[in-house]
Amino acid sequence: MFSISLFQPVRTHTRARSRPEKLIHRFLELLRPALGRGGFGIAVTEFLAFGLKQAYACLFGGLLLGYILLTRYVYPEDALLSRYDFLFLCALGTQIIMIATRLETLDEARIILIFHVVGTVMEIFKTSAGSWIYPEDSLLRLGGVPLFTGFMYASVGSYLARVARVFDFTYSGYPPRWTTWLFALAIYVNFFSHHFIVDLRICLFGVLFLLFGRTQVHYTVFRYRHRMPLVLGFFLVALFIWIAENIGTFARAWQYPGQSDGWTVVSFAKLNAWVLLMIVSFVLVTLVNRPKKEVAADLE
């Protein structure tokens, strides 16, 4: 999860689990003598480690966004295979390659499957309600929803699962898990029900701070352990998803009603929906990867 260190970092030992992580650590170990072992060198090393590991965690989502943007300009309009169907095959192929090369674990693949189902159901409803549209034709679709869209939701789940593993997330002040399940269910239902009854979004944000207001996420970047408020992490990740959404609509992967006459920046108010969707995504990941409790001794 994208995060900034708000507290004094504590030195710890980090073990690289996957080949990309080992390569990152090896690169940083080679770089350390040039940067020095003082405060500046430590800060730069931690910053580079954070950026490289985030890039690895975002790999699937970044590739999918790259496919969307690239096909907006270079994909032939008269191709036998529609652009949306091509994107589906690209995403599926990338998924298979990542599993085969162990860039993605089977647990992360299971999470992606869950996100496909949850995201596609919501997409079918939202497009039928006119919240947004997919303006291009495709063969592989359910109703008005091209099948590649499931991978867009899955990329969020893929990121959350991988970033928790790469940064060794643990938590303090975490609420009882059953309360988070009910909260995520209430958010998901509200995405549908607000079309028919009052929107409970304000109440849901109140519950967010009530449940997670005391929760801290602890994470290791390279040589040091850090912590930050989990709620802040939700908002920061949602901000980057909003930026990705602007790239996606700019590339005409989908359109909101106000963009029918030309692209405009997606309203910043949309950020609150992404925060709530982030919470649903986060809780779905915890169904497969149970949150680990931070051990106080690690911070001494």
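These numbers were taken from a predicted model, which means no experiment stands behind them.
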TODO: Say whether, by atom type as modelled, one donor and one acceptor occur between the side chain of Tyr174 and the main chain of Lys292 under 3.5 angstrom.
DONE: no

Open item on the list: Show the nearest heavy-atom pair for residues His218 and Ser172, with the distance to one decimal.
Closed with: NE2-OG, 2.8 Å

Task: Ile202 atom CD1, neighbour heavy-atom count above 12 within 6.0 Å - done: no

Open item on the list: Tell me whether the rings of Phe192 and Phe125 are parallel (<30°), tilted (30 to 60°) or perpendicular (>60°).
Closed with: tilted

Task: Check: Ser158 side chain, Ala154 main-chain N or O, donor-acceptor pair, under 3.5 Å - done: no

Open item on the list: I'd like to know if Asp85 and Arg141 make a salt bridge, using a cut-off of under 4.0 Å between side-chain N and carboxylate O.
Closed with: no

- [ ] For the pair Ser131 (side chain) and Thr127 (backbone), establish whether a donor and an acceptor sit closer than 3.5 Å, ignoring hydrogens and angles.
- [x] no

Task: More than 12 heavy atoms of other groups within 6.0 Å of Phe86 CZ - done: no

- [ ] Count the heavy atoms of every other residue, nucleotide or ligand shown that sit under 6.0 Å from CG of Asp199, and state whether that count exceeds 12.
- [x] yes

TODO: Assign the ring pair Tyr256 / Trp132 to parallel, tilted or perpendicular, where the plane angle (0 to 90°) is split at 30° and 60°.
DONE: perpendicular

Open item on the list: Test your reading of the model: is there a side-chain donor-acceptor pair from Trp242 to the backbone of Ser267, 3.5 Å cut-off?
Closed with: yes

TODO: Return yes if some donor-acceptor pair links the side-chain N/O of Arg177 with the main-chain N/O of Thr286 below 3.5 Å, else return no.
DONE: yes

TODO: Classify the ring geometry between His226 and Tyr219 as parallel (under 30°), tilted (30 to 60°) or perpendicular (over 60°).
DONE: parallel

Open item on the list: Surrounding CZ of Phe47 (heavy atoms of other residues, nucleotides or ligands, distance under 6.0 Å), is the total greater than 12?
Closed with: no

Open item on the list: Is the ring pair Phe282/Tyr171 parallel, tilted or perpendicular, if the boundaries are 30 and 60 degrees?
Closed with: perpendicular

- [ ] Specify whether Phe212 and Phe183 have parallel, tilted or perpendicular ring planes, treating 30° as the upper limit for parallel and 60° as the lower limit for perpendicular.
- [x] tilted

- [ ] Using a strict 4.0 Å threshold on nitrogen-to-oxygen distance, state whether Glu294 and Arg225 make a salt bridge.
- [x] yes

Open item on the list: Run Arg252 and Gln259 through side-chain contact (heavy atoms from CB on, under 4.5 Å) and show every step you take.
Closed with: CA-CA 10 Å; Arg252 287 181 57 84; Gln259 297 174 325; over 6 Å; no

Open item on the list: For Phe169 and Phe167, take the angle between the two ring planes, folded into 0 to 90°, and tell me which bin it lands in: parallel under 30, tilted 30 to 60, perpendicular over 60.
Closed with: tilted

- [ ] Please name the pair of heavy atoms, one in Pro175 and one in Thr180, separated by the smallest distance, quoted to 0.1 Å.
- [x] CG-CG2, 3.7 Å

- [ ] Mark yes when over 12 heavy atoms from residues, nucleotides or ligands other than Phe40 sit less than 6.0 Å from its CZ; otherwise mark no.
- [x] no

Task: Criterion side-chain hydrogen bond (donor to acceptor under 3.5 Å, both in side chains) on Trp263 and Thr249, from CA distance to verdict - done: CA-CA 7 Å; Trp263 181 79; Thr249 55; 2.9 Å; yes

TODO: Go through the steps to decide whether His25 and Phe222 satisfy the test ring-ring contact (aromatic ring centres under 6.0 Å, His included), and finish with yes or no.
DONE: CA-CA 8 Å; His25 283 210; Phe222 180 51; 5.1 Å; yes

